[in-house]
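Proteins come first, then strands; the chains are lettered A, B, ... in the order of their sequence lines, and each starts at number 1. Everything numeric here is computed off the predicted structure, so don't read it as measured data.
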Amino acid sequence: MIRLYDTAQQSLVPLKLRDPGKVSLYVCGPTVYGPPHIGHGRMVLVFDVIRRYLAWSGLEVTFVSNVTDIDDAIIERALKEGREPAEIAVKCETVWWQAMERLNVARPDHIPHATDYVDMMVDLIGRLVDGGKAYTTSDGVYLSVETVPGYGLLANQSLDQLIEGGGDREIVGTEKRHPGDFALWKLAKEGEPFWPSPWGDGRPGWHTECVVMSLDLLHEGFDIHGGGLDLTFPHHENERAQAIADGKTFVTHWMHNGFVELEGEKMGKSLGNTTNLLDLTEKFDPRAYRLLVLQSHYRSPIEVTDPTMAERVVAIGRLDTFARRTASLVPGISADPEIVDQFRALMDDDFNTPGATDLLFRQVREGNTQLDEGNTEAAAVVGANVREIAGALGLELDESAGAEAPAEILALVEQRSAAKQSKDFDEADRIRDQLGALGWVIEDSAAGATVRKA
RNA sequence: GCGCAGAUGCCCGAGUGGUCUAAGGGAGCGGCCUGCAAAGCCGUGAUUCGCGGGUUCAAAUCCCGCUCUGCGCUCCA
């Protein structure tokens, strides 16, 4: 039985599925107005791991994650740069998927785009207006939060408390009936992109798309709705409010991942280039970021700094080395069911990935010991364990033993072996240094010398 | 101000009532292996878990207060 922390219930609860054996998961994707940052990276890695694990554990997963391709931020940038909003959205989305590929984040089963759902959003808003849950002003249509029972559930605060706080906040839209009311439809200003609606040409507000898209693709009462911690309020609260106002059963569980911190501070978009996900994956092995994310619990804050990343690069190397050592010991051998069960127990407990990586590394040590002692069969089983766990977590291990080294490198390895043979160690060391300068590391073993890239 | 998290060794981070004389990774140091390395293995490292009280036979783990940090309080993953 899988347990997870449900933000709405503020406690660990058993995962309750609408349809036995199937799990429907919706995660709020990016608004495509700029390059993805490491915070996005953590979010997608967290839910990629959850999705992979649910599938690994035998559930039929339907994973939906949207792209918000119309939004104030996109329009703002378009106006500033004199470009079309759609052009920016398309370009940014391309970059987004590049980053996802580098991180080995699997594509969602469905990737709905907000602009493809405007008609359905207009329908929803129409129903809300007709039902007296929403009203029009001179600049758009607003949802009346006072008509929604339990508004503030995710924020864990009453409407009054929500309004009292945030002292320096500017309350926009003076025509609003309640300061907490939020825009469902925004009438277009000069030069802004628009779609037709009964209330005038305009565009949908931020939260409406996710309600419409998740319910369209996953239907009422789907299982899990996820996203970054900061989306809890207002975004998710407002999605929920619309679904409730529309008389829909929305979602069973809410999950939110914790934030990325840079040396104890909130990640800011101007804090330097490693906050850009593409830069980070350029500078470090992208798998190191996945490992870093895995090694802390998804709800905890994580420190993403050069040193913490560099540490994971080394740790990934350790996994690769082990994968190489066990690559072809006993083909087709199965993992130890007991270890697999241990992994399952850890992950079933609110996706305890730190515990799982703990198990993974202890297995690596065990396997290395078996190898050193020449217990091939035992080592092969451990190798299978490691592959099983790493695979379930989306960690790809590099098993290539350097066979793809160019001929000139292999020739140098031969020369060195010959030099060693004739006890010409000065020459052997000279060649080793030469290889090192070329970016190759030589490793001796009973079976002979091999090279790998540094 | 209100709400939610968090504070663990040199660093990153698990652990949420007894198996904790506190995992795993990284760094350091010592050793084995090696011609020397690399890789791997072994050993070493918090008598202690932000501070102060309390509950309990038993607390890093529960309760109260305090300090500090992060997040949210209307469009930020």
Side-chain angles (χ1 to χ4, degrees), chain A residues 7 10 27-31 36-44 46-47 68 71-73 145 152 154-158 160-167 169-173 176 179-183 186 205-207 226-235 237-238 256-261 264-269 291-292 295-297 299-305 307-318 321-322 324-325 352-362 364-365 367-369 371-373 420 423 425 428-429 432-433 436 441-445 449-452:
Chain A
T7 312
Q10 285 189 53
V27 174
C28 290
T31 298
H37 55 68
I38 55 178
H40 292 116
R42 183 185 194 189
M43 183 274 289
V44 295
V46 162
F47 286 103
T68 298
D71 178 85
D72 290 3
V145 294
L154 291 169
N156 191 37
Q157 294 202 78
S158 70
D160 287 344
Q161 283 175 311
L162 284 167
I163 297 311
E164 275 171 22
R169 185 188 72 238
E170 232 179 286
I171 294 172
V172 287
K176 292 200 289 188
D181 293 351
F182 59 92
K186 296 179 175 184
W206 179 33
H207 319 295
L229 193 60
D230 55 336
L231 292 187
T232 313
F233 190 93
H235 184 55
E237 188 79 52
N238 288 352
H256 295 94
N257 65 277
F259 263 75
V260 165
E261 289 178 10
E265 289 180 16
K266 186 200 173 171
M267 187 199 66
K269 281 175 188 161
L291 183 60
L292 177 63
Q295 283 190 309
S296 65
H297 188 81
R299 286 187 279 118
S300 302
I302 54 170
E303 290 272 348
V304 182
T305 60
T308 58
M309 283 295 293
E311 282 178 13
R312 311 309 141 142
V313 171
V314 176
I316 286 284
R318 188 169 156 77
T321 300
F322 180 69
R324 276 200 306 276
R325 295 187 82 189
N352 185 355
T353 58
T357 48
D358 176 2
L359 178 63
L360 182 69
F361 279 103
R362 281 189 284 116
V364 168
R365 188 197 295 161
N368 277 321
T369 299
L371 279 168
D372 288 351
E373 291 175 2
K420 272 184 67 177
K423 304 262 190 244
F425 296 123
D429 291 352
R432 185 166 65 200
D433 290 346
V441 179
I442 198 155
E443 287 179 3
D444 291 330
S445 75
T450 56
V451 279
R452 62 179 167 88

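Atoms CG (A/Asn257) and P (B/rA5) sit 16 Å apart, rounded to a whole Å. The distance from atom NE2 of A/His40 to atom P of B/rC76 is 10 Å, rounded to the nearest whole Å. At whole-Å resolution of the value, CZ in A/Phe47 and C1' in B/rA77 are 9 Å apart. For A/Ile316 and B/rC12, the CD1 to C1' distance is 15 Å, given to the nearest whole Å. A/His256 has its NE2 atom 13 Å from the P atom of B/rG72, to the nearest Å. To the nearest angstrom, P of B/rA27 lies 15 Å from CE of A/Met309. Per the geometry, CG belonging to A/Asp181 stands 14 Å off P belonging to B/rC75, to the nearest Å. Taking atom CZ of residue A/Phe425 and atom C1' of nucleotide B/rG35, one finds them 4 Å apart after rounding to whole Å.
Taking the salt bridge (charged side-chain N to carboxylate O under 4.0 Å, His left out) definition, one finds that A/Arg42 meets it with nothing, sequence neighbours left out. Under the salt bridge (charged side-chain N to carboxylate O under 4.0 Å, His left out) criterion, A/Asp429 pairs with A/Arg432, sequence neighbours left out. Under the salt bridge (charged side-chain N to carboxylate O under 4.0 Å, His left out) criterion, A/Asp358 pairs with A/Arg362, sequence neighbours left out. Residues satisfying the salt bridge (charged side-chain N to carboxylate O under 4.0 Å, His left out) test with A/Asp444, not counting sequence neighbours, are A/Arg416, A/Lys420.
Among the nucleotides B/rA14, B/rC75, B/rA38, the one closest to the side chain of A/Arg452 is B/rA38. Of the listed nucleotides (B/rG35, B/rC2, B/rA77), B/rG35 has the atom at the smallest distance from the side chain of A/Arg432. Closest approach to the A/Ser296 side chain among B/rC12, B/rG13, B/rC75 is made by B/rG13 (side chain taken as heavy atoms from C-beta onward). For A/Met43, whose side chain is taken as the heavy atoms from C-beta onward, the closest listed nucleotide among B/rC12, B/rA77, B/rC42 is B/rA77. Looking at the side chain of A/Ser300, the nearest of the listed nucleotides B/rA14, B/rA77, B/rA5 is B/rA14. Side chain of A/Phe259, nearest nucleotide from B/rC75, B/rA77, B/rC11: B/rA77.
Nucleic acid contact for A/His235: none, since no nucleic acid atom lies under 4.0 Å from a heavy atom of the residue. Counting any heavy atom pair closer than 4.0 Å across all strands shown, A/Gly180 reaches a base atom. Within 4.0 Å of A/Asp429, counting heavy atoms only, lies at least one base atom of the nucleic acid. Among the heavy atoms of the strands, none lies under 4.0 Å from A/Lys423. Within 4.0 Å (heavy atoms only), A/Thr232 reaches no atom of the nucleic acid at all.
A stem is defined here as three or more consecutive Watson-Crick or G-U pairs, each with both distances under 3.5 Å; for RNA chain B these stems are B:1-7 with B:67-73, B:10-12 with B:24-26, B:28-32 with B:40-44, B:50-54 with B:62-66.
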Extract from the structure each pairing of a protein N or O with an N or O of nucleotides 22-24 of chain B at less than 3.5 Å, listing the distance.
from	atom 1	to	atom 2	distance (Å)
B/rA23	O2'	A/Asp358	OD1	3.3
B/rA23	O2'	A/Asp358	OD2	3.1
B/rA23	N3	A/Asp358	OD2	3.1
B/rG24	O4'	A/Asp358	OD1	3.0

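Ranked by how close their nearest RNA chain B nucleotide is to the 5' end, A/Val314 and A/Ile302 are led by A/Ile302.
Residues A/Val304 and A/Met309 meet the side-chain proximity criterion, which asks for heavy atoms closer than 4.5 Å. Between A/Thr7 and A/Arg299, the closest side-chain pair of non-hydrogen atoms is not below 4.5 Å. When side chains are defined from C-beta on, A/Glu443 counts as touching A/Arg324, because their heavy atoms get closer than 4.5 Å.
The aromatic rings of A/His235 and A/Trp206 sit parallel, their planes meeting at an angle under 30°, below the 60° perpendicular limit.
Nucleotides B/rG18 and B/rU69 have their C1' atoms positioned 32 Å apart, rounded to a whole Å.
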